[in-house]
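Quick notes on the structure that follows.
Count residues from 1 along the sequence.
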Amino acid sequence: MPRKVDHRERRELLADALMRLAATQGLEGVSLRQVAAEAGVSTGMVQHYFRTKDEMMTFALGMVADRIRARSDAAAAPTTPRDLVRGVLLQILPLDDTRRLESHVGLAFLAYAAVKPAIREGLHKDAAGMRGFIAQQLRAGGADGIDPELAAIGLMALVDGLGMQLLSRQYAEDDAVAALDAQLTLIFD
């Protein structure tokens with residue numbers, strides 16, 4: 001009896017290969033053939049699951065977002081809106097090998113999105129969702145005297161900047177977390 005193929009698993013295998021390549025050489029020069037070689041499969045299999053590199057990249061970007069959400073959900077249950085925002089933002093910071101890989105991929109996606117409208121739309125949608133979630137938590141947490149939308153943009157920009165500084169080893173992880181905590185204290189307290 002033929003084995004049943006898990007199509008989601010295959011797509012994730014290919015997206016993981018794309019992310020490894022993106023983290024080491026950027027996205028611009030990555031081809032479907034290189035992804036196939038990295039994943040140990042045929043180019044035909046890659047083309048079966050993804051018609052274009054952009055389609056594969058959009059899937060990979062969504063997969064990273066799903067993994068961040070899953071890690072956030074798996075973390076200890078937050079007790080306050082501040083704890084919830086902190087927990088999500090910590091999952092974005094490159095504090096371990098998995099998150100460093102995702103951050104490298106995120107930077108490669110940002111550079112690629114600058115010239116690819118379809119990719120840019122996916123990034124915009126994800127960022128808007130994150131911004132809305134953080135702003136909602138700021139409202140629920142009673143962050144008085146601030147504009148929740150602007151504060152959410154500021155927190156996301158802080159995490160993006162800290163992430164780049166961590167990737168280039170400008171700060172220690174503990175210092176980046178302390179900077180995030182200081183900003184959260186300014187906003188929530």
Within a strict 4.5 Å, meaning less than it, do heavy atoms of the H104 and T24 side chains meet? no

Counting neighbours of CZ on F133 that are heavy atoms of other residues, nucleotides or ligands and sit closer than 6.0 Å, is the number greater than 12? yes

How about K116: does its NZ atom have over 12 heavy atoms from other parts shown lying under 6.0 Å from it? no

Hey, are the side chains of V177 and R86 touching, using non-hydrogen atoms and a 4.5 Å cut-off? yes

Between D66 and R8, does at least one N-O distance fall below 4.0 Å, as a salt bridge requires? yes

With a 4.5 Å heavy-atom cut-off, do V41 and L13 have their side chains touching? yes

Heavy-atom distance under 4.5 Å between the side chains of L89 and I134, does that happen here? yes

With rounding to the nearest 0.5 angstrom, report the CG to CD distance, L107 to E102. 12.5 Å

Is a side-chain N or O of Q34 found less than 3.5 angstrom from the main chain of S31, in a donor-acceptor match? yes

Can you tell me if E12 uses its side chain to pair, donor with acceptor, with the backbone of R10 under 3.5 Å? no

Quick one: ring pair (Phe, Tyr, Trp, His ring centres under 6.0 Å) pairs with a partner in residues 29-57, sequence neighbours left out? H7-Y49, F50-F59

Can you check whether L18 reaches E38 side chain to side chain, under 4.5 Å on heavy atoms? no

Please determine whether residues I68 and F109 belong to a single hydrophobic cluster, defined as Ile, Leu, Val, Met, Phe, Trp and Tyr linked transitively by side-chain heavy-atom distances below 4.5 Å. yes

Closest heavy-atom contact between L101 and A23? CD1-CB, 3.3 Å

For R11, is there an ion pair with D6 - N to carboxylate O distance below 4.0 angstrom? no

Does D96 form a salt bridge (charged side-chain N to carboxylate O under 4.0 Å, His left out) with R99? I'd like the steps, not just the answer. CA-CA 5 Å; D96 59 28; R99 290 179 276 182; 3.0 Å; yes

Reported CZ-to-CD1 distance for the pair R82 and I187, which is rounded to 0.5 angstrom: 9.5 Å

Shortest non-hydrogen pair, A135 vs A152, comes out as N-CB, 3.9 Å

Where R51 and L32 come nearest, the two heavy atoms and their spacing: O-CD1, 4.4 Å

List for me each residue that meets salt bridge (Lys or Arg N to Asp or Glu O under 4.0 Å) alongside R120, sequence neighbours excluded, and say none if there are none. none

Pairwise side-chain contact, T52 with E55, heavy-atom cut-off 4.5 Å (strictly under): yes

Provide the closest heavy-atom pair for T98 versus R71 in the form atom of the first, atom of the second, distance. CG2-NH1, 3.7 Å

Could you walk me through whether Y112 and K53 pass the side chain to side chain contact (heavy atoms under 4.5 Å, CB included) test, one step at a time? CA-CA 11 Å; Y112 196 72; K53 183 169 82 169; 3.5 Å; yes

Would you mind reporting whether M63 and M19 have side-chain heavy atoms less than 4.5 Å apart? yes

Could you tell me the separation between the NE2 atom of H124 and the CG atom of D126, rounded to the nearest 0.5 Å? 10.5 Å

Indicate yes or no: at least one non-hydrogen side-chain atom of F188 is less than 4.5 angstrom from one of L138. yes

Whether R139 and E149 form a salt bridge (side-chain N of Lys/Arg under 4.0 Å from carboxylate O of Asp/Glu) is what I want to check. yes

Output the distance between atom CG (L158) and atom CG (L93), rounded to the nearest 0.5 Å. 8.0 Å

Output yes when D97 and R100 qualify as a salt bridge under the 4.0 Å nitrogen-oxygen rule, no when they do not. yes

If a pair satisfies salt bridge (charged side-chain N to carboxylate O under 4.0 Å, His left out) and one of its residues is in residues 156-167, list it, with sequence neighbours excluded. none

